[in-house]
Amino acid sequence: MRIDVVTIFPEYLEPLNVSLVGKARTRGTLDVRVHDLREWTHDRHNTVDDTPYGGGPGMVMKPDVWGEALDAVAASGEGEGEGAPALVVPTPSGRPFTQELAVELAAKPWLVFAPARYEGIDRRVIDDYATRWEVHEVSIGDYVLAGGEAAVLVITEAVARLLPGVLGNAESHRDDSFAPGAMADLLEGPVYTKPPVWRERGIPEVLLSGHHGRIARWRRDEAFRRTAAHRPDLIERCDPAAFDKHDRALLAELGWEPGPDGRFGRAAGAVEE
Ligand code: ADE
């Protein structure tokens, strides 16, 4: 997969040289190219922004600079046989970034990221490229960052670990919280390693039992407990057909009950944990 990032802070993307993404680059699984947006400015001050039409605070990134930059990046891929890239624009007003979108993006041969600073990029840039390229405006959460670069790091890491051959153990994806299928839409429960006693804390007996069935059951129960406590919305969304008798009993114990449509909700009067 090829990834281009156009930014006014190329050094912000240094973490892409480290760890999993860095290794994927060294191995050649991932071809990451970071570009300085100011290369496509023509004035003495390398201006990338201007005041907003209609007034208001802050500055808006100029469409002409972004247009030249994106055209140049696209042209650099011509002859590599990849066609048009998918453009990813991180913005708090985008569609929420989820594991599902990470899987979708991981299937693309070429992503171009356009992280904005200031109040954002002139809207015409997104509208123009959307006529020729696939464009994804993506938010990594309900909070406002100073710019999109941190979001590029987040999205790139989530995508890169899904590329074939990047994670050592192909099984590692299967139990990911939010991985489609398997432990459908439950958060992962706690994990333990040696030593067996640390600061007088042992580990749950069942994990030492060697009994695979009981261990799987315990892990599922812990996943339910954690999901009910931290992400009740995920339980509410679950298709109740995915719950067995034991799941239902545990949910009842945690203060959940099925509603008229069969989906589980917090029982009236249930106490918050
Ligand atoms: N830029 C600023 N805040 C952001 C967010 N929450 N997600 C993606 N890009 C952003």
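Both backbone and side-chain heavy atoms feed into the values below; hydrogens, waters and symmetry mates do not. Counting starts at 1 for both ligands and their atoms, in listed order.
A side-chain donor-acceptor contact under 3.5 Å links R263 to the backbone of C238. Counting only distance, with no hydrogens or angles, the side chain of T156 and the backbone of L153 share no donor-acceptor pair below 3.5 Å.
Residues that satisfy the side-chain hydrogen bond (donor to acceptor under 3.5 Å, both in side chains) test with E137, not counting sequence neighbours, are R123.
Salt bridge R117/E149: present, at least one basic N to carboxylate O contact under 4.0 Å.
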Report all side-chain donor-acceptor pairs from residues 61-72 shorter than 3.5 Å, counting only partners two or more places apart or in another chain.
from	atom 1	to	atom 2	distance (Å)
E68	OE1	H42	NE2	3.1
E68	OE2	H42	NE2	2.9
D71	OD1	Y129	OH	2.6

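Clustering of Ile, Leu, Val, Met, Phe, Trp and Tyr by side-chain heavy atoms under 4.5 Å joins I215 with Y192, I203, V206, L207, L208, W218.
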Polar pairs, ligand 1 vs protein, N/O only, below 3.5 Å.
from	atom 1	to	atom 2	distance (Å)
ligand 1	3 (N)	L145	N	3.0
ligand 1	6 (N)	G141	O	3.1
ligand 1	6 (N)	Y143	O	2.8
ligand 1	7 (N)	I140	N	3.0
ligand 1	9 (N)	T91	N	3.2

